[in-house]
2 protein chains.
Amino acid sequence: MAKAQSDRFSTQQQSLADLAKALSHPARIAILEVLAARNVCICGELVAEMPLSQSTVSQHLKVLKEAGLVIGEIDGPKSCYCVDWSKLADAQSAIVTWFSKTDTLKANCC
Amino acid sequence: MAKAQSDRFSTQQQSLADLAKALSHPARIAILEVLAARNVCICGELVAEMPLSQSTVSQHLKVLKEAGLVIGEIDGPKSCYCVDWSKLADAQSAIVTWFSKTDTLKANCC
DNA sequence: CATCCTTATCGTATATATACGATATACGAT
DNA sequence: ATCGTATATCGTATATATACGATAAGGATG
C-alpha cells in the first residue's frame, strides 16, 4: 500500500512531507526516543513505557515502519523493533538539505 | 486557539511533533519554497504558482502562520507573506538537536 | 494438543485534515 | 458611494488519523 502521490507536487516535496508526517505525532517521537535509548530492541516494554494502549502503540509502530524509520523483526512470539539508523540519517540529511536550500534563497522581506 | 497539549507527552515531544505536522503536507513545503525564493512577499502570486484553489492555499498559509514559520501582513487589499527566518532557524535547530540527541543514544540492535 | 503470552489486525467511534465553492471583508480606484 | 480586486473565512463533503477494546495469529510451554 504505497502512497498515492498526487502528482500535484514534486517527489521531493512529497517525500519530505511524508517524512514530516511520520514525525508529526508526539507518540511517534517518543517511540523513536525509547527505541534509540535502549540497547536492546523491545516491544512489550515499549508499550509499558507509553501512555497508550497496546493496539495504539502497534499502530504508531506501523506508521514508523512504513516510513522506514524503524525496523521490525518477528522473533518468536515477540516482535523486536529498532531504529533504522541509516534511514534516520538519510532523513536528517534530507531535512538539513532542505533547510539549507531554503536558507540560500533567503531574501528581503515585508 | 492554542494547541490542546494532551499532557501525555513532554512539551518537547509535542512541539517537535507540531513542527513536523506543519511541514507534513507537500503544499506547505511548496509554499515555503516559493516564499523563500521570492525576494518580495507575495500572495496572489503564491496562489498562481500552486495547483490549488485560493481558499485552500489560504488555509495552508494559516497553518504555517499558526506554526510561526510564516509571517503575514495585511498590506492594503493584498496580504504580504514571508518566511519568518528566525523561526525557521529555530525549527531547524530543534530538529537537528533532536536528531543529534537521538543519535547519541545509538546502540546495538536486533 | 491445550494453554498462555505477545503482537498484529479488525471494528468502530471520534477528531482532524484537506479541498473547494461561495461568501464576507477590506481596501483602492473611479 | 460604487465597483473591482485581493484575501480570509464559512459551509460542507470527503478522507485520513487517532484511540481503544476485542479478536486473531503465531509461537512457546506444559
Side-chain angles (χ1 to χ4, degrees), chain A residues 1-9 13-14 17-31 34-35 40-67 70-82 110, chain B residues 1-9 13-14 17-31 34-35 40-67 70-82 110:
Chain A
M1 37 132 115
K3 279 293 164 55
Q5 176 67 348
S6 70
D7 90 321
R8 292 205 202 198
F9 301 99
Q13 290 166 339
Q14 187 73 55
D18 287 345
L19 170 60
K21 187 169 241 170
L23 299 175
S24 71
H25 196 286
R28 292 195 285 273
I29 300 286
I31 287 175
V34 173
L35 285 181
V40 181
C41 308
I42 32 114
C43 191
E45 303 174 49
L46 196 52
V47 174
E49 295 212 21
M50 300 289 297
L52 295 169
S53 74
Q54 179 267 323
S55 59
T56 302
V57 171
S58 184
Q59 214 168 279
H60 283 300
L61 277 169
K62 191 178 178 185
V63 173
L64 288 170
K65 208 163 31 172
E66 282 173 357
V70 148
I71 300 170
E73 297 191 358
I74 298 167
D75 176 26
K78 309 180 183 180
S79 285
C80 170
Y81 283 100
C82 62
C110 291
Chain B
M1 49 128 107
K3 280 292 165 52
Q5 174 69 348
S6 70
D7 90 321
R8 291 207 202 197
F9 303 100
Q13 290 165 340
Q14 187 74 55
D18 287 345
L19 170 61
K21 186 169 245 171
L23 300 175
S24 71
H25 195 286
R28 291 195 285 272
I29 300 286
I31 287 174
V34 173
L35 285 182
V40 181
C41 310
I42 31 113
C43 190
E45 302 173 49
L46 197 51
V47 173
E49 294 212 22
M50 301 289 297
L52 295 169
S53 74
Q54 179 265 324
S55 59
T56 302
V57 172
S58 184
Q59 213 168 279
H60 283 300
L61 277 169
K62 191 178 177 185
V63 173
L64 289 171
K65 208 163 30 170
E66 282 173 357
V70 148
I71 300 171
E73 299 191 357
I74 299 168
D75 177 26
K78 308 180 183 177
S79 287
C80 171
Y81 282 100
C82 62
C110 291

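Everything numeric here is computed off the predicted structure, so don't read it as measured data. Throughout, a chain's letter reflects where its sequence line sits, starting with A, and its residues are numbered from 1.
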>> Both atom distances under 3.5 Å, Watson-Crick or G-U wobble: I'd like the secondary structure of DNA chain C as a dot-bracket string, with | for pairs made across strands.
In response: ||||||||||||||||||||||||||||||
>> According to side chain to side chain contact (heavy atoms under 4.5 Å, CB included), who are the partners of B:S53, at least two apart in sequence or on a separate chain?
In response: B:S55, B:T56
> Rounded to the Å, how far apart are A:L23 CG and D:dT18 C1'?
Replying inline: 17 Å
> Of the nucleotides C:dT16, C:dT18, D:dA8, which has the atom closest to the B:K21 side chain?
Replying inline: C:dT16
> Who passes side chain to side chain donor-acceptor pair (under 3.5 Å) against B:K65, sequence neighbours left out?
Replying inline: B:Y81
> Given atom NZ of B:K62 and atom P of C:dT16, what is their separation to the nearest angstrom?
Replying inline: 14 Å
For nucleotides 19-26 of chain D, print each protein N/O atom paired with a nucleotide N/O atom at under 3.5 Å, atom names and distance only.
{"from": "D:dA19", "atom 1": "OP1", "to": "A:H25", "atom 2": "NE2", "distance (Å)": "3.4"}
{"from": "D:dA19", "atom 1": "OP2", "to": "A:H25", "atom 2": "NE2", "distance (Å)": "3.3"}
{"from": "D:dA19", "atom 1": "OP2", "to": "A:H60", "atom 2": "NE2", "distance (Å)": "2.7"}
{"from": "D:dA19", "atom 1": "N7", "to": "A:Q59", "atom 2": "NE2", "distance (Å)": "3.3"}
{"from": "D:dC20", "atom 1": "OP1", "to": "B:R8", "atom 2": "NH1", "distance (Å)": "3.2"}
{"from": "D:dC20", "atom 1": "OP2", "to": "A:S53", "atom 2": "N", "distance (Å)": "3.0"}
{"from": "D:dC20", "atom 1": "OP2", "to": "A:T56", "atom 2": "OG1", "distance (Å)": "3.2"}
{"from": "D:dC20", "atom 1": "N4", "to": "A:Q59", "atom 2": "OE1", "distance (Å)": "3.3"}
{"from": "D:dG21", "atom 1": "N7", "to": "A:S55", "atom 2": "OG", "distance (Å)": "3.3"}
{"from": "D:dG21", "atom 1": "O6", "to": "A:S55", "atom 2": "OG", "distance (Å)": "3.2"}

>> Counting only side-chain nitrogens and oxygens, does A:Y81 get under 4.0 Å of the OP1 or OP2 atom of C:dA8?
In response: yes
>> Just the rounded figure in Å: distance from P of D:dA8 to CD of B:E66.
In response: 13 Å
>> Nearest 0.5 angstrom please: A:L35 CG to A:C80 SG, how far?
In response: 9.0 Å
> Rounded to whole angstroms, how far apart are CD on B:Q14 and P on D:dT18?
Replying inline: 11 Å
> Any sub-3.5 Å donor-acceptor pair from B:R28's side-chain atoms to B:K21's backbone N or O?
Replying inline: yes
> Between atom CE in B:M50 and atom C1' in C:dT18, what is the gap in whole Å?
Replying inline: 13 Å
>> Checking A:Q13 now: which residues fulfil side chain to side chain contact (heavy atoms under 4.5 Å, CB included) with it, not counting sequence neighbours?
In response: A:F9, A:S10, B:P26, B:I29, B:A30, B:E33
>> So, taking the atom named CZ in B:R8 and the one named CD in B:Q14, what distance separates them when rounded to the nearest 0.5 Å?
In response: 11.5 Å
> side chain to side chain contact (heavy atoms under 4.5 Å, CB included) with B:V47: which residues, sequence neighbours excluded?
Replying inline: B:Q54, B:V57
> By side chain to side chain donor-acceptor pair (under 3.5 Å), which residues pair with B:H25, not counting sequence neighbours?
Replying inline: none
